[in-house]
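Chain naming here is simple, since letters A, B, ... match the order of the sequence lines and numbering starts at 1 in each.
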Amino acid sequence: MRSDRQNRTPMGLKIAAAAGLAFLHLPLLLIFVYAFTTEDKSYQFPPPGLTLKWFAVTWNRPDVWDALTLSVKVASISTVVALVLGTLCAAAISQTRFFGREAISLLVILPIALPGIITGISLRSAFNLAEIPFSFWTIVLGHATFCVVVVYNNAVARFRRMSGSLIEASMDLGADGFQTFRHVILPNIGTALLAGGMLAFALSFDEVIVTTFTAGQQATLPIWMLEELVRPRQRPVTNVVAMVVVLVTFLPILAAYYLTRDGDQISGQGK
Amino acid sequence: MPHAVTFQQVSRHFGAVRAVDAVDLEIAPGEFFAMLGPSGSGKTTCLRLIAGFEQPTSGHIEIFGETAEGVPPYRRHVNTVFQDYALFPHLNVADNVAYGLMIKGVGRAERAREAEAALEMVKLPGYGGRKPGQLSGGQRQRVALARALVNKPKVLLLDEPLGALDLKLREQMQEELKALQRALGITFVFVTHDQGEALSMADRVAVFNEGRIMQTGTPHEIYRRPQTRFVADFVGSSNVLSPDLTARLGGPRQWASLRPEDIRLDTDGHHRGRVIAASFLGSATRITLEIDGETLSVLLPSGSAVPEPGEEVAFSWSPGDLHVMGDEA
């Protein structure tokens, strides 16, 4: 039910809302603007001139490519790990009853609720204790902790909506466990997994805190940007990379939103 | 020929709960068999034991002479119509019906032909292209039936198949199910809590209570000659008479059952009682009589004179209507 009174928003509230949104999103625009500036030492406003040369410079910087490749590899593998573990875990929690089920459900979600710095420090000391050298795989492991949660949350929501008798119906009609997974479970949770996977990829791609604790000498793209900001030369290169990061993380989240907006909430967007 | 389904001392316990407790059961091939009981009586667990979704804690199950325990659902020649129909929401009606055939590796054209034939059998020809979400409850039920029958099961299990349908549709489906079963000759085992449904459709009925079978028999036997107080009360809400009351009404000092519709009010009746309540049911009127602190319910056919509450009336019944159940029924 909607009354006229509710539709009439006071002017003050409209302005406040607009100001809030502007405060959140104008800095993003500023990043884009500085990618085109002709001045490369300090961020001077307004830019003295506009140029596209930083795109060429960025393209020819091997360190950018290294960082980008590493980030894509880490995000891809973390996502695959998260898809497998998150789906299995969601299936176990939603389809069966066993002792400690609630506790496990909580423990799985915990990494996303914990501050990244705690996850990072604890993983680092664990790696030290176990004498595991920092490598590509320690970064993947760190990222997988929170990527699993995202996939799990999406999958578990879908599993709950799925009638339990669907699986029994499939078995009843002659399908074994694998056939049931392929023909009934996967088609029903597919979009949730896709959405969860895309979110996991985006989360991993721009992760800084856990990465600083679990990476050795390697720099993922966000870490590289952090280091780059300190350098006084060729600063707009960072802005060009930032634009790429925004696009690479924003598009999957948008896609995930459209894939699951019919009913499912996307969990873990906030991290 | 072996029995379609045999249970020998089958129990299924969930922790301390004895969902099914030492049940013996024999279902003949081609029989329309009903498992009747209140919720939690173990009837659905028995159905799931036949389907293979549950394994017995102890006891032995045979389906057409083959040992069933340890055999997973997908290797049993048994199909189920689920209470919530469990149609696959991502598949259209034709693919739902053809699912079992697809799993068996039947070719696409053959599958489509058999699915359409099955849909025709349940009076839904041409519905193959629709999604389950676009169908009404009654149509979904027919699709679920077609999806099970297309596999030509040896036993068809139906779990409260008509529970979600409205009265009119339910009566229509009862007749269709009965006709279908007769035409196909497949053993049907169906679970229901509705005694009317069980009595009108089944060849034989097993009445369940607290994990045990109280009585098995034809609808007529179950209705006319209940062996226990529970059966007498659950099937048709018979008057269960205590040994004292039975004796006072001229019978032996034992538990007995007397159907409300068998009691007549007439002036030359041998017994007297006081009317304490009357309620109009449409096709009949139910009145409650008090006899020395115990109550009897009487169904009067519509059109007969209904006494006022407080009135003293005389009543009688034909010899043989009073069914004596024994000392410890």
**Prompt:** Hey, is the main chain of P56(B) close enough, under 3.5 Å, to the side chain of R12(B) for a donor-acceptor pair?
**Reply:** no
**Request:** Could you tell me whether the side chains of E26(B) and T6(B) share a donor-acceptor contact shorter than 3.5 Å?
**Result:** no
**Asked** What residues form a salt bridge (charged side-chain N to carboxylate O under 4.0 Å, His left out) with E116(B), not counting sequence neighbours?
**Response** none
**Item:** Option from T44(B), I50(B), L157(B) for which side chain to side chain contact (heavy atoms under 4.5 Å, CB included) with M35(B) holds
**Value:** I50(B)
**Asked** Within residues 65-91 of chain B, which positions have a heavy-atom distance to chain A below 4.5 Å?
**Response** P73(B), Y74(B), V78(B), N79(B), T80(B), F82(B), D84(B), A86(B), L87(B), F88(B), P89(B), H90(B)
**Pairing residues for R48(B) by the salt bridge (charged side-chain N to carboxylate O under 4.0 Å, His left out) criterion, not counting sequence neighbours** = E168(A), E54(B)
Just list the side-chain donor-acceptor pairs under 3.5 Å for residues 103-118 of chain A, sequence neighbours left out, or say none.
unit_1, atom_1, unit_2, atom_2, d
S105(A), OG, Y152(A), OH, 3.4

